[in-house]
**Q** 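Handing you a structure now.
FYI, the numbering just counts along the sequence from 1. What's counted below: heavy atoms across the whole structure, side chains too, no hydrogens, waters or symmetry copies. On a predicted model such as this, the values are computed, not experimentally measured, just so you know.
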Amino acid sequence: LNAFFVFFGFITFMMLLLSYSMTAYTDPGIVKRQTEEELQSQPKGEGTLCRYCNIYRDYGTRHCYDCNACIYEHDHHCPWTGKCIGGNNIRYFNFFIASLFIHLFYVIFTSIQASTDGQSHHRMHAHHIHRGH
């Protein structure tokens, strides 16, 4: 592999680590729980009451049973990051998925390239041995 491909692999791996870290360490949009007193004094808003968090949830805010919290613009709970993907970290998650596919294609491409280079080198070496060189 030439220096460009090694450098490209390093860059894609760094993008993967950065996007994973940003996804994992950014608050997904956890909505602060309220006490019973805060809930009673709050005007009833639109949305539904979350009986676990004592809040009125806006549309798109859902309770995550894995995190035991309501998440603003909840998308899903990600087992790879161990946290929810919500309104505050969805852009980092999308960058993570894109980086993952770019790096995966890089690994597949370089593996195929190394495999075909190794086979042609093996054939050339076998040809020289057969001819007595």
Side-chain angles (χ1 to χ4, degrees):
L1 294 175
N2 66 28
F4 171 76
F5 284 113
V6 173
F7 180 70
F8 184 78
F10 175 76
I11 294 299
T12 61
F13 185 69
M14 290 290 103
M15 284 175 28
L16 184 61
L17 285 180
L18 176 66
S19 60
Y20 175 83
S21 298
M22 293 298 292
T23 302
Y25 293 112
T26 299
D27 172 15
I30 296 173
V31 179
K32 181 182 172 284
R33 292 175 183 254
Q34 294 181 326
T35 65
E36 194 64 39
E37 295 79 31
E38 290 172 324
L39 181 63
Q40 296 303 324
S41 66
Q42 174 185 349
K44 295 198 181 349
E46 294 181 13
T48 58
L49 174 67
C50 176
R51 61 183 176 178
Y52 302 104
C53 298
N54 284 335
I55 61 164
Y56 282 100
R57 297 180 290 199
D58 293 329
Y59 179 75
T61 301
R62 292 192 338 224
H63 187 82
C64 175
Y65 295 97
D66 292 309
C67 295
N68 195 26
C70 283
I71 309 296
Y72 170 70
E73 293 183 1
H74 185 268
D75 188 71
H76 69 285
H77 184 86
C78 180
W80 305 110
T81 60
K83 70 184 313 180
C84 283
I85 305 303
N88 292 351
N89 66 352
I90 188 83
R91 64 185 172 276
Y92 300 127
F93 179 75
N94 290 335
F95 182 47
F96 168 62
I97 296 298
S99 300
L100 182 64
F101 278 106
I102 291 168
H103 191 68
L104 179 65
F105 286 132
Y106 166 78
V107 169
I108 291 170
F109 176 79
T110 54
S111 297
I112 291 170
Q113 187 71 27
S115 173
T116 57
D117 286 351
Q119 288 176 355
S120 65
H121 177 72
H122 179 69
R123 281 192 296 261
M124 190 168 48
H125 183 65
H127 179 72
H128 283 297
I129 292 173
H130 177 64
R131 294 188 72 204
H133 294 240

**Q** With distance as the sole test, does S19 use its side chain to make a donor-acceptor pair with the main-chain N or O of L16 at under 3.5 Å?
**A** yes
**Q** How long is the straight-line distance from CZ of F105 back to OG1 of T110, given to the nearest 0.5 Å?
**A**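 Answer rounded to 0.5 Å: 13.0 Å.
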**Q** Please assess Y56 against T48 for the test side-chain contact (heavy atoms from CB on, under 4.5 Å), listing each intermediate value before the final yes or no.
**A** CA-CA 5 Å; Y56 282 100; T48 58; over 6 Å; no
**Q** When you group the ILVMFWY residues by side-chain heavy-atom contacts below 4.5 Å and let the links chain together, are V107 and F10 in the same group?
**A**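 Linked, F10 and V107 end up in one cluster.
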**Q** How about F5 and Y106: are their ring centres within less than 6.0 Å of each other?
**A**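 No - the distance between ring centres of F5 and Y106 does not fall below the 6.0 Å cut-off.
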**Q** Sorted by first residue and then second, give each salt bridge (Lys or Arg N to Asp or Glu O under 4.0 Å) pair with at least one member in residues 5-32; sequence neighbours left out.
**A**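 Residue pairs passing salt bridge (Lys or Arg N to Asp or Glu O under 4.0 Å), neighbours aside: K32-E38.
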**Q** Kindly give the cluster partners of W80, where membership spreads through any ILVMFWY side chain lying under 4.5 Å from a current member.
**A** none
**Q** Can any side-chain N or O of S115 pair as donor or acceptor with the backbone N or O of S111 at less than 3.5 Å?
**A** no
**Q** Got a list of side-chain donor-acceptor pairs under 3.5 Å for residues 92-103, not counting sequence neighbours?
**A**
| residue | atom | partner | partner atom | Å |
| --- | --- | --- | --- | --- |
| N94 | ND2 | I90 | O | 3.4 |
| S99 | OG | F95 | O | 2.8 |
| H103 | ND1 | T12 | OG1 | 2.6 |

**Q** Distance-only check: which donor-acceptor pairs under 3.5 Å involve side-chain atoms of residues 68-75, not counting sequence neighbours?
**A**
| residue | atom | partner | partner atom | Å |
| --- | --- | --- | --- | --- |
| N68 | OD1 | R33 | NH2 | 3.4 |
| N68 | OD1 | H63 | NE2 | 3.4 |
| H74 | ND1 | R62 | NH2 | 2.8 |

**Q** With the side chain counted from C-beta on, respond yes when P28 and K83 share a heavy-atom pair under 4.5 Å apart, and no when they do not.
**A**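 Yes, side chains in contact.
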**Q** Under 4.5 Å between side-chain heavy atoms, counting indirect links through other Ile/Leu/Val/Met/Phe/Trp/Tyr residues: same cluster for Y25 and Y20 or not?
**A**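 No: no chain of side-chain contacts under 4.5 Å links Y25 to Y20.
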**Q** Check for me, please, whether I85 and M22 land in the same ILVMFWY cluster - side-chain distances under 4.5 Å, paths through other members count.
**A** no
**Q** I'd like to know if the side chain of N89 and the backbone of C84 have a donor-acceptor N/O pair within less than 3.5 Å.
**A** yes
**Q** Indicate if L49 and I55 have the same hydrophobic cluster label, given that clusters are the connected sets of ILVMFWY residues with side-chain heavy-atom separations under 4.5 angstrom.
**A** no
**Q** Keeping T116 on the side-chain end and I112 on the backbone end, is there a donor-acceptor pair under 3.5 Å?
**A**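 Yes, T116 side chain to I112 backbone: donor-acceptor pair under 3.5 Å.
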**Q** With sequence neighbours left out, write down each residue that passes side chain to side chain contact (heavy atoms under 4.5 Å, CB included) with E36, or none if nothing qualifies.
**A**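 Scan of E36 (side chain to side chain contact (heavy atoms under 4.5 Å, CB included), adjacent residues dropped) gives L39, Q40, N54.
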**Q** Same hydrophobic cluster for I11 and M14, using side-chain heavy-atom links shorter than 4.5 Å among ILVMFWY?
**A** yes
